[in-house]
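These numbers come from the heavy atoms of this one structure, side chains and all, not from hydrogens, waters or symmetry mates. All residue numbers in this chain count up from 1 along the given sequence. Note that ligands are numbered from 1 as they come in the structure, with each ligand's atoms numbered from 1 the same way.
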Amino acid sequence: MFRIQPLVSVLLCCFTFWFHISFGYLITCSGIVPMRYRKDKVSITDFGGVGDGKTLNTKAFREAIYRIQHLRRRGGTLLYVPPGVYLTESFNLTSHMTLYLARGAVIKATQNGTIDGQGGIWWNMWRQGNLQFTRPNLVEFMNSRGIIISNVIFKNSPFWNIHPVYCSNVVIRYVTILAPTDSPNTDGIDPDSSSNVCIEDSFISTGDDLVAVKSGWDEYGIGYGRPSSHITIRRVTGSSPFAGIAVGSETSGGVEHVLAENIVIYNSGIGVNIKTNIGRGGFIKNITVSQVFMENVRTGIKIAGDTGDHPDNRFNPNALPYVKGVTLKNIWGVKVQKAGSIQGLKNAPFTNICLSKINLHGMTGPRSPPWKCSDVSGAAIEVSPSPCAQLSSPQQSGSCANHF
Ligand SMILES: *[C@@H]1O[C@H](CO)[C@@H](O)[C@H](O)[C@H]1NC(C)=O
Ligand SMILES: CC(=O)N[C@H]1CO[C@H](CO)[C@@H](O)[C@@H]1O
């Protein structure tokens with residue numbers, strides 16, 4: 001419902017729900033995007049905003065943001081939203097502003113819209129197959145940099161919840177993202193063709209992947225050619241019928257330097273899922289996922305070259321993805337039905353795959369069914385149940401070497 005274009009420095013802030021897991025030491029995203037103090041402050045009520053849950057506040061939000069954009073106060077402006085329920089249609093944010101939601105403030109989308117996304121109507125239109133276009137994201141940042149999204153609850157997005165695309169320096173922390181398990185495509189956070197994105201200390205429970213790093217779809221993504229790089233995800237907890245931590249499947253602009261650590265995934269389809277397809281092209285390199293605990297998950301780890309469909313039939317079947325350098329380490333799971341599968345492509349095998357210190361227990365006993373692998377090479381160290389032969393070759397142990 002928020003869409004902003006060429007923008008700098010936006011902060012969504014609200015203290016309704018605080019989610020914080022504390023590990024002994026704390027590495028954080030802070031510092032990547034400096035928090036701005038805004039001397040100039042306005043309230044949505046100054047623009048006629050009414051938080052009764054019934055009055056339409058579109059005009060108030062649009063006018064307030066028009067004022068912020070055109071008065072251009074030095075140091076930017078804070079837009080305060082007092083406690084109450086503010087029904088509104090979609091509005092654009094602007095540069096140099098902080099949207100501050102007080103404790104108890106809710107921004108609620110009308111059914112027209114694209115922070116309660118009221119996505120149900122969109123999910124039904126999609127289920128009935130009568131949508132001619134894609135559904136709106138709840139919050140989308142496009143061509144923006146220096147963004148902080150913190151301490152906000154997002155719920156019931158029509159489609160993906162938070163979508164930074166063509167952005168750099170984005171911090172997302174202390175957010176809660178909720179949507180029903182059966183809601184279609186309600187990914188939590190999708191960094192897309194973006195760099196220096198730091199996501200931490202958040203709880204996400206939705207109907208699709210919790211965090212999925214992407215960079216464009218088939219011929220369109222290849223044409224645009226903008227990778228996602230330097231993406232950090234840490235201290236994220238949640239459940240998904242699909243994947244907890246995902247890369248792909250749309251990775252046509254390339255994805256590299258992703259670090260996910262201290263992740264807790266429960267009641268989910270797949271713990272860690274790296275996915276691409278023929279026609280995607282692009283690359284997936286230098287991905288590290290470490291310190292993951294999972295419980296009650298169908299498949300612990302899945303790396304696959306046959307995931308997802310194509311935007312149209314103009315995709316190039318010779319555009320093969322290049323997957324190299326994936327390290328998964330210190331992963332512990334209980335009630336994991338299948339430990340994992342790693343299936344590359346015949347003409348584009350996945351290489352330098354390293355599994356280290358992985359222990360995925362089955363539903364009933366200590367053993368899950370064995371790993372399934374094809375067209376893959378790499379190494380495995382201290383992996384239980386024992387990994388497939390393709391990952392055990394001693395000459396490949398270099399795959400794990402750089403990472404220790
Ligand atoms: C938001 O900005 C986009 C791009 O400039 C524009 O197409 C759209 O109409 C704007 N929406 C609103 C609600 O102002
Ligand atoms: C999804 C939805 O309800 N969209 C409606 C939003 O409002 C416009 C005009 O008021 C309608 O044409 C859409 O159908």
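Ligand 1 places these atoms under 4.0 Å from at least one heavy atom of S90: 13 (C). Distances below 4.0 Å separate heavy atoms of R62 from the following atoms of ligand 1: 13 (C).
Partners of D209 by side chain to side chain donor-acceptor pair (under 3.5 Å), not counting sequence neighbours, listed by chain and number: K275. In this view, C373 and C388 satisfy the disulfide bond (SG atoms under 2.5 Å apart) rule, not counting sequence neighbours.
Checked against the 6.0 Å centroid threshold, F350 and Y322 do not count as a close aromatic pair.
Checked by distance only, ligand 1 and N92 come closer than 3.5 Å through their nitrogen or oxygen atoms.
No heavy atom of E89 sits closer than 4.0 Å to any atom of ligand 1.
Between F159 and T186, every side-chain heavy-atom pair lies at or beyond the 4.5 Å cut-off.
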